[in-house]
Amino acid sequence: GRWPPLALPARAGRTAQWCATARDPRQARAAAPNDERELACYRLDMTREAGRHQRVQVQERARRRIICQERQKRLEEEAKRMADEASSFGPCSSEAAAADVKTDRADESCAEESEDSSASGANAESSEDRRLRPMLRLRLKPKRSKAARVEALRRCTTDHQRRMRVVRMLQSRRQQLEAMPSEDQKALWAAFDRAAADGSSFNDCGEVVLDAANFDQALYELGIRCRTAAERRSIDEVICDAFYEAGVDFLTFSFEVLPRVREALLACRREWLHEYFRMQDLDVSGSLSVEEACAVFDSFVAVDLDEGSCRRIRAKLQLEVEARLDPETGEVCYHAFESIFQLIHEHVERAVRERIAVLEEKEQLGSEELSDNACELVMLGEAFRQADVDEKGGLTSRQMNLLLSEFGMRPGDTEGVTELDRQIRHWTNSASGRCNFRGFLRVLRWARKRLLVAWHGHIKDRFMRLDTDCLGFLQPDNAAQVLRFMGIVPRCREDSAEMQRLIAETVFGTDTGKVSCTDLELLAVQIKQRLKGQQRRRIRRMAETEFGLSQAELTYYAEVFYAADSSTAGIMAEQVASILEVLQLRVDLIEVVHAVARFGFPLTAAEHHAAAVGSGGGPNTADDSSARTQTFTVVDFEGFLRLLMNIVRGAGEV
């Protein structure tokens, strides 16, 4: 708009005429179909003329800038010289000299401006430029104040820095993603894609983002599961902060939101993780070796896995621990242990979910079987597979009775045994004479209900005695007392830690932070089955690694023991002596008593009776005070196996 009007070339006259008259390009091409070469020449001439005029303007501005800089430099030198000369004549002379300098500056600037105008006239400027030249000498006033201009500049700089910071952060996150193991990358992408498939939106860049509605699905796919109400509240706080304005993309989900969720869950689970760590840190050094960290996995995590998943995750745990070892001590500290087991638990949850899906499809499990055995389904499936030694896809009646005894669910009274046989025959295939896994779960469900009915009166009576406020709830310590009264006693430190964890998950899984009588009954059955499952795994590992027993030998000893221990609460020295006679091992009764005292555990009469209630024990008629004073030692199958191997080898403690 500020360029002077240009004269059109003569050869472009006719083309310019029909270009001006025909506004529509289609009309122009129709009016002059043979003048396209002439039109191209016209456009080229116009472009050259515009470029020449722009170069002239740039050269003129540069020349003026150089002249102004030289003039400013001369004025500063003259002012300095005049000030030095006037300093010897006093202040009045200084003021006069300063006035002379101002006058000289004005005269010199007018002279230089006249020289500039004459020099610019030599450049063949148009009359319009000469007319507008005096206006350029005016001082133009900005539209905004200096502070506003500085603030706008600072804001632009800040926005640019913020954008560059975001770019660097995205590059760093992409590099971290590429450095992750391929298995973890696939897990993150699979969780994000499956959650996004349920309903997602897009951001301004066209990327898929997750919202709060399908964020829980992504956590579920990763294996992050809330076990208590406190964990649920902590994750909800993270979700509210992350999804306050909009959804999150994949990189934000992987490197910002997900670490915050893991940290929140770790804060809720730190107590029992520290207990696991402390049990293996026997030298109280604050660190664990690779073998000790794997021992924690074998004691508390492996019971929930099948054999293949257990080997795979244990190998991953070993690699993670070796990667974080302290180069000086060769051990891993507690903080690294926490982060490792947080990651391992996610792998365990995913492996359990995959195994449940396989069992559901293979055994055609229904909703009842899945809901009743949600936490122990993989453990029960692995126990069923190990009991099926001939690999025929089912168990006989004898194998079913032994497996139920190992989990503490086999009744010991005549009526209960008769009903159990009827249940097994009902779910046994008449053609093969074996019961499949679904039938085993049905029989186990019946055994649990029978145990709950038998325990109901005793648990309620003890519950009412401890509920002094009559509010219908108990604290965790009182709940542990009720479980001990029912004969659910930990056999080792691992059982004690697992029992405390299950109580904490049940108690803090409620909004009140306490446990009711109904929840306590279900908790008692769950803890008993869980502890029996852990003991069964310890026995198999001990028989294989320490004693070198075969599967057939272990099964034979288990059948002989549970034939005497019909209540699954443990046997005393007299019963141990009778079993040794059946095994044709002649041992003095006094030696048997000493061996039972070494490998057994103490129980009061009330605790032993309560443990045998579900297996056919009658009502407890003994007085509580006398029951507390009467204590005797019993031995379970784990202790009996150690006692037996000690007697067979005839030397030292095994």
Side-chain angles (χ1 to χ4, degrees), residues 1-13 15-17 19-20 37-87 93-161 163-164:
R2 293 183 296 177
W3 292 354
L6 302 176
L8 297 177
R11 63 181 180 181
T15 304
Q17 291 178 4
C19 283
R37 180 178 178 82
E38 185 178 355
L39 178 60
C41 295
Y42 166 73
R43 290 176 178 173
L44 181 60
D45 294 339
M46 292 288 290
T47 304
R48 290 175 178 173
E49 185 67 20
R52 187 192 64 78
H53 186 75
Q54 187 175 5
R55 287 193 299 272
V56 169
Q57 285 188 341
V58 170
Q59 294 173 359
E60 180 65 20
R61 285 195 296 269
R63 189 185 64 81
R64 291 179 182 178
R65 185 167 57 252
I66 293 173
I67 292 174
C68 291
Q69 291 175 357
E70 293 177 353
R71 182 176 58 192
Q72 183 69 20
K73 186 176 181 180
R74 289 196 304 270
L75 290 176
E76 290 176 358
E77 292 176 355
E78 184 67 19
K80 185 177 180 180
R81 184 181 62 79
M82 296 294 294
D84 293 340
E85 292 178 357
S87 59
S93 300
S94 300
E95 293 177 359
D100 294 339
V101 169
K102 291 181 180 179
T103 306
D104 294 342
R105 285 182 179 178
D107 296 340
E108 187 175 355
S109 61
C110 292
E112 290 181 357
E113 288 175 0
S114 61
E115 292 176 3
D116 293 344
S117 56
S118 60
S120 61
N123 292 331
E125 293 183 347
S126 61
S127 58
E128 185 69 18
D129 289 343
R130 288 194 296 271
R131 186 178 64 83
L132 294 176
R133 174 171 293 280
M135 298 178 61
L136 297 176
R137 301 172 186 172
L138 299 178
R139 182 180 178 183
L140 300 178
K141 184 178 181 181
K143 295 182 179 180
R144 294 182 295 179
S145 62
K146 181 179 180 181
R149 296 196 305 272
V150 172
E151 178 63 23
L153 182 62
R154 186 195 63 79
R155 190 164 51 250
C156 293
T157 306
T158 304
D159 294 341
H160 175 72
Q161 293 176 352
R163 287 193 297 269
M164 294 304 298

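Quick note: numbers below take in every heavy atom, side chains included, and nothing from hydrogens, waters or symmetry partners. Because the structure is predicted, anything quoted here is derived from the model rather than measured.
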Reference residue Gln72; test side-chain contact (heavy atoms from CB on, under 4.5 Å); the match among Gln69, Glu76, Arg74: Glu76
Side chain to side chain, Arg63 and Glu60, heavy atoms closer than 4.5 Å: yes
Any side-chain heavy-atom pair of Lys73 and Glu70 under 4.5 Å: no
